[in-house]
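Remarks on the structure that follows.
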Amino acid sequence: MRTMSTRLCASLVVAASILALGCDRQGEARATPRTDVGAKRDPAASKTTSQPAVLADGAKSATPTEPDPTQPDPTQPDPTQVDPTQPGDRPDEQAPPPEEPAPPVAPADYGVIKPSLPLPDPSALTLHGLAGYEVVAIHDKPDGESSKLGYLRLGTRLMVGEKQSGPGCPKGWHALPQGGFACASKGLVVGDRAPPLPNPPPAAHTEQALPYDYAYVKRWNSPMWWRVPTPEEVTAAEAIRATREQQRLADEAAAKGLPPPASPSKPKPAEPAAPVPPSKATDDAPKDGGSALPSVDDDDDTEPANKSDANKSDTAKSDANKSDANKSDAAKSDAAKSDASKSDASKSDASKSDEPVAPAAPIALPLKPEKSWLERGFYISVGEKIAEEGRTWWHTARGGYVDVTHAYKYDAKDQAGIPLAEGATFPFGFVMVDTTKVFDLQADGKMTAVGTLEKRAFVDLDEEIEVAGKTYMTTVDGHMVRKADLRMADPQPLPKGLQPWERWVDVSLEKQILVAYEGERPVFTSLVSTGKKGSADEPFVTPTGRWRIRSKHISTTMDGNTASDGNYSIQDVPWTMFFEGSYALHGAFWHQGFGRPRSHGCVNLGPSAARWLFYWTTPFLPEGWHGVHAHTGSPGTTVIVRQ
């Protein structure tokens, strides 16, 4: 009899549970809850308590005041009953939730570079070192054939170890504090005292969204020098520029099917500009501005910057060499002026020719070899202005000099990414219309606008809800936004083969959204701009696939030539992370079109978003280095690009 009563009670409890579940499902029919990723919500703790038995007439049984010796002892377990305080097989009972496992933790040396040889003892770093080339490679071992761990940038100072002999470096290798070796024959200047470096280039501002300031080149064929030129050298360069400009205009006309413009009888050198004090040098942009350039990258297999012959001084003799170069250039300039005088004597004969007349003899000018003549639309990274030789110059981050009247200070753009709070969950996304209203739902069912959100604003969301036939997303702070005005990120599972603590990056080409994960937990998100469509002959679409970051650079120059956009060059593109060939994640300061494709194939981010990602991804950049390469024992962060 007791068994039948027990079964009856159990059946009633199950039926009640099913009805309750049915009500819950019905109540949530119009709401789509948040999706937990990684940090799951704690299940509600439940504990079944013993209830008085229900009799047939509905009355509760009384509790006896004294035990009946003829009845079983109520303090002892009944073998025919299931202890409701213990987990069992009854359908109305649940086992207590297991304890939450500790979150996975990455190894202490995760992301740190791992040179083959031990780090030098700090007491052994007794010499002063200076990076005297634009790029000074750091090798894994004191051997020119060993793999490269990274590199130093021109002007970097650090303490180094004593000379070590090794292949590929006649002047000797020197151990660096963070590991690896640099060669004294290939740019590392070493001395018992700090080696001098007149007019050092600006150091990277690693604590800011942009490592450098930038200038936009507004004048075609503007020379870039490796030292401040003399007035005579400027005059000679203007004559060469006139010839180059005539050729450029002729090429433009030919491309349009037009005859070449009339040639001047002789290129007339421009008069040297009057000195411009640093405080009054113009930074104003021209009225026509200039179109923003999409991004394409150099192949990282080569060193990020060309070495300047003029800068290949690895001792304090650098200044003396430059002084000799100045004397040599001045002598050549005097010779050139003598030749020019002879040329002027035959000016009348030259004026009969329709062809532009080049200088009678080539003049060796102190121009930067990797980019001697800048085109309109190029970007250069700049530091302070320097007033010398009757003019004011931009001193570039790569040690060059450009007349300030040829390039104006550029107002860099930015788009911030969003670091997500601990335990963040989907859904979240961005406003993708110019302006959207924020609503509150009143007690009478009416919608009231309480604010607005601008395009590309981040929104942390909760549930989808339908009101008066329109779909809205509720925000975590209780407001509502039209779903159609939003673009939401899609949660992704942990890629196969990755550890639960590993960092990885997901890029959606369809959504133009990047999400960074630690295991299954999203930690950062940002709008991006990936490759535009291009043409059949020149496609720019970002490839899909799975890769690992193979090198990271505080900045690196990107340039090239495309049929659709012509020549382009951007000095020191910030926070660059190459993951496949010349494809990279990097900052883009020249546009704010994030959320739509527009690059030449790379994944563009706002500079501040790219900086966050740069210092979060692996391998981590050692202090004082400008670039680092992934290697055995310290692989790069996984990057997945999908449609």
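Atoms considered below: every heavy atom in the structure, side chains included; atoms not considered: hydrogens, waters and symmetry mates.
- Under the rule for a ring pair (Phe, Tyr, Trp, His ring centres under 6.0 Å), Phe620 has no partner lying at least two apart in sequence or in another chain.
- Rounding to the nearest 0.5 Å gives a distance of 13.0 Å between NZ of Lys511 and CD of Gln643.
- Within the 4.5 Å cutoff, the side chain of Tyr214 has heavy atoms near those of the Phe589 side chain.
- In terms of heavy atoms, Leu367 sits closest to Pro223 at CD2-CB, 3.8 Å.
- Between the side chains of Asn221 and Arg241, no donor N or O sits under 3.5 Å from an acceptor N or O.
- Taking the ring centre of Phe614 as origin, the terminal cationic atom of Lys552 falls inside the region bounded by 6.0 Å and 45° from the ring axis.
- Ring-plane geometry between Tyr379 and Trp590 is classed as tilted, the angle between the planes lying from 30 to 60 degrees on a 0 to 90 degree scale.
- Only one option out of Asp506, Leu605, Thr525 pairs with Leu514 in a side-chain contact (heavy atoms from CB on, under 4.5 Å); it is Leu605.
- Ring geometry, Tyr216 versus Tyr408: the interplanar angle falls from 30° to 60°, so the pair is classed tilted.
- Applying the salt bridge (Lys or Arg N to Asp or Glu O under 4.0 Å) criterion to Arg248, with sequence neighbours excluded, gives Glu245, Glu252.
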- Message: Walk me through whether Glu538 and Thr562 qualify under side-chain hydrogen bond (donor to acceptor under 3.5 Å, both in side chains).
- Response: CA-CA 8 Å; Glu538 203 171 45; Thr562 66; 4.6 Å; no
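- Ser555 and His626 are linked by a side-chain donor-acceptor pair at a separation below 3.5 angstrom, with hydrogens and angles left out of the test.
- Side-chain contact check for Thr618 and Thr637: at least one donor-acceptor pair (N or O, by modelled atom type) lies under 3.5 Å.
- Checked by atom type, the side-chain pair Thr405/Arg219 shows no donor-acceptor distance below 3.5 Å.
- Using bins of under 30°, 30° to 60° and over 60° for the plane-to-plane angle, the ring pair His629/His553 lands in the perpendicular bin.
- Contact annotation: the side chain of Leu154 never approaches that of Tyr133 to less than 4.5 Å [non-hydrogen atoms, C-beta and beyond].
- In this model, no donor atom of one side chain and acceptor atom of the other lie less than 3.5 Å apart for Glu375 and Ser569.
- Taking the salt bridge (Lys or Arg N to Asp or Glu O under 4.0 Å) definition, one finds that Arg548 meets it with Glu502, sequence neighbours left out.
- The line from CZ of Arg642 to OG1 of Thr542 is 14.0 Å long, rounded to the nearest 0.5 Å.
- Note that CG of Leu613 is 6.0 Å distant from CG of Leu585, once rounded to the nearest 0.5 Å.
- Listed by chain and number, the residues in a ring pair (Phe, Tyr, Trp, His ring centres under 6.0 Å) with Trp616 are Trp612 (sequence neighbours excluded).
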Result block: side-chain N/O donor-acceptor pairs under 3.5 angstrom for residues 429-436, not counting sequence neighbours:
residue, atom, partner, partner atom, Å
Thr435, OG1, Glu454, OE1, 3.3
Thr436, OG1, Asp485, OD2, 2.7

Scan the side chains in residues 205-213 for donor-acceptor partners under 3.5 Å anywhere in the protein, sequence neighbours excluded, and list what turns up.
none

